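I have placed the structure first, in the form of structure tokens, so that the comments after it can refer back to it.
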Amino acid sequence: MQNLSRKFSTLPIPKLSPSHPQPTTPFTPYSEIQHCRKILEHKIITILDACNTLNHVKQVHAHVIGNGLSQYSYVITKLVRTLTKLGVPMPTTYPELVFRQVLHPNPFLWAAMIRGCAIEGTLSEAVKYYTLMRREGTGPVSFTFSALFKACGSGLDVNLGRQIHAQTVLIGGFVADLYVGNTLIDMYLKCGFLDCGRKVFDEMPERDVVSWTELIVAYAKSGDMESARDLFQDLSLKDMVVWTAMVTGYAQNSMPKEALDCFERMRGAGVGLDEVTLLGVISACAQLGASRYANWVRDIAEESGFGATQNVLVGSALIDMFSKCGSLDDAYNIFQGMKQRNVFSYSSMIWGFAVHGNANAAIGLFHEMLTTDVRPNWVTFIGVLTACSHAGMVDQGRQLFATMEKYYNVTPSAGHYTCMVDLLGRAGRLEEALELAETMPIVAHGGVWGALLGACRIHKNPDIAQIAASHLFELEPNNIGNYVMLSNIYASAGRWDDVSSVRKLMREKGLKKNPAYSWVETKNGHEKFCAGETSHPKYNKIKKALEDLLNRLQDRGYRPNLNSVDYDVGDEEKMRILMAHSEKLALAYALLYADSGSTIKIAKNIRICEDCHAFMCGASRVTGRHIIVRDNMRFHHFENGTCNCGNFW
DNA sequence: CTAGGGTTAG
């Protein structure tokens, strides 16, 4: 408070030139002046709207002073708002200087300063302006409160927000104002008080689609799509934004089918769409992982004028989607066709190459990016490091890791350490990986230990696995995957006593294995298979096809990997379990019913087991088919008997 | 003046 006042009093305030008339000094008929003034104000505001650099605004300001207009609150308010729009930090000297030249700021100018602090400054600065304003005896208007609530919302100070809320009720009527009410709801929601937001909403005398949208988004973000949908159904006037909020809500809550249904209803309602809508739809298609949807949404994007070529947001999302749908070529075509590329486009493409096992392309693209203006961020490094680790490029990875902070100013996060532990671990350097996990400068989270545990599975090291698992059981006591993994590692080392003690632990915690399933895309749509299921209508044909395939593979030297079964049962039973793995059923189904010669795309919800991996390798050779399996980690491309992951996963 | 938004580690 003190500081600000002092700063204000020492700021040089230019004297107005006496040759220019003051706005309140009529020496021609008053109405005439009013008229001229309105035209002039309008002109300046049009000019300000077109300003897109700080320098432009400064020039306009100089003319405003030069023409003796620095007392026009309306013009100065617009000027301050333009500065805020341009991202000028508040309250730095320049906006303050502009502000202080006005001897008697009107409430709207004060509010513009408060709003500026809310967006480009801090809550405390905003409050200083409010307090100063009240001290000077200026009464608040509704805009004052919407600016203050915005400040509390971005400062996440719900207590102050609540106090001001109480004041507005006392002062009278401001909460009833639509804008104030909406900003107040937004403030409570930003601070995480959904109930309070809902209460304001319920008590508002007047609401508009903005009020509804705010709440719908809040419910969606809290994972409660039912409440969001209930509200949405009650809303009579639905605009593009609120439809988009629903589509995006479903997509963000892993309900891609519902997202697409909602999008179809939106189109049926004749509402337009924009790039934000498309982002939600694209994300839903990426989750479905099916080329059919991927191509469909790409066409819609192009027809709507928000295609990848023009729109960098849509383009980046499409890159990600196509690589998640297994079509790396389509992803790269999108990337190449983009007029503008930013760090999202590059990172998505690098990540796409990495999960498809194309490490050289990922690293090549990274270097290509460095020749442009685009700077890598932490996500970019996750991509290149992952590429290195999946390809066993230890030295490359180490070098990149070493440069990220030094040259690119990206501080390694736990995620980057996860990549490094993964890199060392996959390469068989389990002791080094363990040491890194234990000595890294930030706290290791589940990901780091999970990477180590995964490496212990590849390199069959139950002892280090035990260390990693003990950390994991503490950090993520309910993550079933960790118990299953440790149990698998013990099983393949033949340590059945340890297997049963892990089992016991799982039972005690009441954890149950996730049912494994796979789905495969054919021209008729998706077909889903659960492990061990026999109820499929075509089961007998599938079983027969699988047996034929097995015989052909065994002729060529394939032997079932019974170690992949972590049940201590007889070999025959192990064999039966192996042959009922869901991806094998899906493969047999695709061989029977997919177009002959087409690429077979299988997706599954958990990690592919070693036996299935070897089986797919063999199958790709004897059938001559390109088989892509997406597990929960990455993509495996099986062709001519080998997988491009190099048995590294 | 107020509402919808992007890549991400095991």
Side-chain angles (χ1 to χ4, degrees), chain A residues 77 81 84 108 111-112 114-115 118 141-147 149-150 153 177-187 189 208-218 220-221 239-249 251-252 273-280 282-283 286 311-321 323-324 342-352 354 377-383 385-386 389 413-423 425-426 445-455 457 468 472 476 479 481-482 485 607 632-634 649:
Chain A
T77 301
R81 296 183 65 85
T84 305
F108 295 97
I114 297 171
R115 182 175 171 276
V141 290
S142 60
F143 188 22
T144 318
F145 290 110
S146 64
F149 289 137
K150 196 179 186 75
D177 182 279
L178 186 56
Y179 290 124
V180 175
N182 283 345
T183 338
L184 181 56
I185 294 178
D186 191 53
M187 188 271 296
L189 298 179
D208 66 359
V209 65
V210 175
S211 339
W212 291 79
T213 310
E214 284 176 334
L215 269 180
I216 287 172
V217 169
K221 290 218 162 114
D239 69 358
M240 181 177 76
V241 174
V242 72
W243 274 106
T244 301
M246 282 304 287
V247 173
T248 308
Q252 288 173 340
L273 56 88
D274 70 359
E275 78 263 36
V276 183
T277 319
L278 286 168
L279 288 182
I282 294 170
S283 154
N311 192 298
V312 68
L313 269 100
V314 171
S316 306
L318 286 175
I319 292 171
D320 175 62
M321 177 192 73
S323 62
K324 283 186 175 141
N342 63 12
V343 67
F344 288 92
S345 337
Y346 277 99
S347 303
S348 298
M349 195 64 239
I350 289 172
W351 177 248
N377 67 11
W378 71 277
V379 182
T380 323
F381 279 101
I382 296 275
L385 291 175
T386 303
S389 97
S413 68
H416 298 107
Y417 281 97
T418 301
C419 294
M420 291 310 287
V421 168
D422 195 55
L423 178 79
R426 269 176 212 272
H445 61 6
V448 177
W449 296 111
L452 185 60
L453 186 63
R457 185 195 61 83
L472 283 167
E476 308 173 338
N479 184 340
N482 298 326
M485 179 80 82
R607 200 191 278 238
N632 58 346
M633 308 299 304
R634 57 172 292 161
W649 80 94

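Numbered from 1 within each chain, the chains take letters A, B, ... in sequence-line order. On a predicted model such as this, the values are computed, not experimentally measured, just so you know.
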Are OP1 or OP2 of [N] and a side-chain N or O of [X] less than 4.0 angstrom apart?
| X | N | answer |
| --- | --- | --- |
| A:K221 | B:dA3 | no |
| A:K150 | B:dT2 | yes |
| A:R634 | B:dG10 | no |

Worksheet item: Only one of A:V210, A:T213, A:D177 forms a side-chain contact (heavy atoms from CB on, under 4.5 Å) with A:N182, so which one is it?
Response: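 Considering A:V210, A:T213, A:D177, a side-chain contact (heavy atoms from CB on, under 4.5 Å) with A:N182 is found only for A:V210.
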Practice prompt. Answer yes if the side chains of A:S348 and A:S316 hold a donor-acceptor pair under 3.5 Å, and no otherwise.
Written response: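 Side-chain D/A pair, A:S348 to A:S316: absent.
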Item to complete: Compute whether any side-chain donor of one residue and acceptor of the other, for A:D208 and A:S211, lie under 3.5 angstrom apart.
Response: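 Short answer, yes.
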Measure the distance from [atom1] on [X] to [atom2] on [N] and round it to the nearest whole Å.
| X | N | atom1 | atom2 | answer |
| --- | --- | --- | --- | --- |
| A:D320 | B:dG5 | CG | C1' | 14 Å |
| A:W351 | B:dT7 | CH2 | C1' | 10 Å |
| A:I216 | B:dG5 | CD1 | P | 13 Å |
| A:Y346 | B:dT8 | OH | P | 19 Å |
| A:D422 | B:dT8 | CG | P | 16 Å |
| A:D274 | B:dG6 | CG | P | 13 Å |
| A:L453 | B:dA9 | CG | P | 18 Å |
| A:R115 | B:dT2 | CZ | P | 5 Å |

Ignoring the backbone of [X], work out which of [options] is nearest its side chain.
| X | options | answer |
| --- | --- | --- |
| A:N377 | B:dA9, B:dT7, B:dG10 | B:dT7 |
| A:R426 | B:dG10, B:dG6, B:dT7 | B:dG10 |
| A:N342 | B:dT2, B:dT8, B:dG6 | B:dG6 |
| A:D186 | B:dG10, B:dT7, B:dA3 | B:dA3 |
| A:I382 | B:dT8, B:dA3, B:dG10 | B:dT8 |
| A:M633 | B:dT8, B:dA3, B:dG10 | B:dG10 |
| A:V209 | B:dG10, B:dT2, B:dA3 | B:dA3 |
| A:A451 | B:dG10, B:dT7, B:dC1 | B:dG10 |
| A:V241 | B:dT7, B:dA3, B:dG10 | B:dA3 |
| A:R81 | B:dT2, B:dT7, B:dC1 | B:dC1 |

Heavy atoms only, 4.0 Å cut-off, all strands: where does [X] land among base, sugar-phosphate and nothing?
| X | answer |
| --- | --- |
| A:V312 | base |
| A:S146 | base |
| A:G181 | nothing |
| A:N632 | nothing |
| A:T277 | base |
| A:L472 | base |
| A:V217 | sugar-phosphate |

Discussion item. At less than 3.5 Å, do the side-chain atoms of A:Q252 and the base atoms of B:dG5 form a donor-acceptor pair?
Written reply: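 Check fails, no donor-acceptor contact within cut-off.
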Worksheet item: Between the base of B:dG6 and the side chain of A:S316, is there a donor-acceptor distance below 3.5 Å?
Response: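 Side chain to base: pair found, below 3.5 Å.
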Practice prompt. Find out whether A:R115 and A:F143 are in side-chain contact, i.e. whether some heavy atom of one side chain is under 4.5 Å from a heavy atom of the other.
Written response: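 Heavy-atom side-chain distance check passes, below 4.5 Å.
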Practice prompt. Can you measure from CG (A:L318) to CD1 (A:I282) and round to the nearest 0.5 angstrom?
Written response: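 Separation between the atoms: 4.0 Å.
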Worksheet item: Atom CD1 of A:I216 and atom NZ of A:K221: how far apart are they, to the nearest 0.5 Å?
Response: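 The NZ atom of A:K221 is 13.0 Å from CD1 of A:I216, to the nearest 0.5 Å.
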Worksheet item: If you take all heavy atoms of A:N482 and A:L453, which pair is closest and at what distance?
Response: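 Result for this residue pair: O-CD2, 3.9 Å.
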